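All remarks here apply to the structure that follows.
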Amino acid sequence: MDFTFTPEQDALRKQARDFLEANPEPSFAELAELGWTGVSIAEEAGGVGAGFVEEAVLYEELGRALYHGPFFSTFALALPALPDDLRAEVAAGTTSWTLALGPLVPDLDTADRIATVGGDGIYELEGAEREVLTTTDETRPLGVVRGGTVGRRLADSTVLEEIATRSNAALAVEACGVARRALELAIEYAASREQFGKKIGVYQAVAHPLADAYTQLELARSLALWAAWCVAEGDERARIAAAAARAHATEAAVRVCETSIQVHGGIGFTWEHVLHRLYKRALWIQSFGPSTTRLRAEIAAALLEGGQVFHVPDLRPEHGRPDPALAPTTQGG
Amino acid sequence: MKIAVCVKQVPDATAAKRIDPETKRLDRSGEAALNATDLNAVEEAIRLKEAQGGEVVLVSLGPERALESLRKALAMGADRAVLVADEAAAGSDLVATSRILAAALEREQADLVLFGQASSDGDGAVLWAAVADRLRRPLISQVAALTTDGSTVTGKRQTEHGYDTISAPLPAVVAVSDAINEPRYPSLKGIMGAKSKPQETLSLADLGVDAAEAGEAGSRTTVLALGPPPARGESLKIEDDGSAAQKILDYLVERRLL
């Protein structure tokens, strides 16, 4: 199986990075012009008909750029609940959404419409009063909604599992984008800043934490991209892959940002430097929704459910790993 | 209206350049991209097509892998690509390159041929003139604004002192300046669909160009030497203790630069 990105996915990443560097604060309409708001929406509903891997490329680059807007809330949270007519509006860039899963709702400052979970379904919440709170991460504020009336029924509550999976995978990939930039900044700084007549990168106290950060990030990214692939392919492991990716990637992102701040010394603490914003986004991802402990409990439950050892199928010869030395001697179950 | 845009794959601007000491050619094996100022020509062609209808064809000379870079222009909105890829064309100079491109353009019979300002690797900025001459078509260069009514093309040429407004009957060749527009970012749909657009690879034989008239054999110039820019000479580092401005001034006066 070929796990490399396709030339189209590489082109999308390059274009996304160039665009976001030139336009750090794009509007939702500008993203629509690029076709990003139609990414995984079917062509029949006015979208581009690409998959979750392409969407993941965008989460990673938007995370890297600390994009402030309703992309995550629209695509990772609300989209699975939206019927085709509303998806078409999203694809056209005329409507963005957020979803009130809990008391704290993201992107209330930028999302056009609000969906809410109630009883056995997901409904539109109309005319609700929004209060955007002052939160640590200014680039993705949380808020609360009050009042309002329950409007159109959008979907059955069975989509909540898909929403959890997509948002876990999305945040895992986004965390990798955040961490990548923090690590790049640290490497650049360690390779240029001099102390005691040498570049600080030659000192083990700087080099070793950077190597650790790199290792954590690469592992996290492999997990996150695997999760994205599982979501794209509708693989049965998607839910657990996304939980595992999120648990690992969020912690890795927080640690990579902390390492980067340490490597930067005094300048890493300044308000003008971008590092604290990356760090705060990493902390946001860690704090939103299920904790990493909770995610691990879910993974454990799934691993042990029915006595099935979750990862064993991967090692069977018919799954592309013919090495008999790697095959389990006894099958789980 | 049929518009042909001549484009070139060049080494990526951020990649380190290496010159092969044997062939005295630029090592093109690294990261590549479509020449930046060619994107202005592609953008202008797409705008003309969007306003007046027609077809935008990319015409390029380069190795097979240049197709990867052409896809970026296809993603922006060009309709198809024609790449002349032939071992015998490697090392072509201006004379040989213009011969090959002119042959490819003759085959297309476009109403308008657009070029970018110059390639970022060769930096010649004369190829469009040579191609126009071979095609025996009028040429407007350094164009910062372009209009056409279907039978003539009018370009505003940027000069030191202002603008020249020049009209020419179609078919014509126009070299645009990088001031003419801001190239668009390809849309996601464009990126996903670029691969399935028609992409034709031609050999010199397909164009009826004799191999002896292409490549180094068909070139009229010979590269005698090509080297990296010389390392920067002596530099003076001034630690600012309040007198830096005076020291810089003294330095410049001493070298009669002020």
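The structure presented is a predicted model; accordingly, all values stated were derived computationally and were not measured.
- Dense packing is recorded around CD of B:Q52, with more than 12 heavy atoms of other residues, nucleotides or ligands lying under 6.0 Å away.
- Not counting sequence neighbours, B:D111 has no partner by the side chain to side chain donor-acceptor pair (under 3.5 Å) test.
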Taking atom types as modelled, which donor-acceptor pairs link chain B and chain A at under 3.5 angstrom?
unit_1, atom_1, unit_2, atom_2, d
B:P186, O, A:Q15, NE2, 2.0
B:L188, N, A:L34, O, 2.6

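- For the pair A:L12 and B:I191, the tightest heavy-atom approach, listed with the atom from each and the gap, is CA-CD1, 3.9 Å.
- Shown here are the ring-ring contact (aromatic ring centres under 6.0 Å, His included) partners of A:F75, two or more places apart in sequence or in another chain: A:F71.
- With sequence neighbours left out, the side-chain contact (heavy atoms from CB on, under 4.5 Å) criterion links B:A13 to no other residue.
- Using a 4.5 Å cut-off on side-chain heavy atoms (C-beta onward), A:L34 and B:L188 make no contact.
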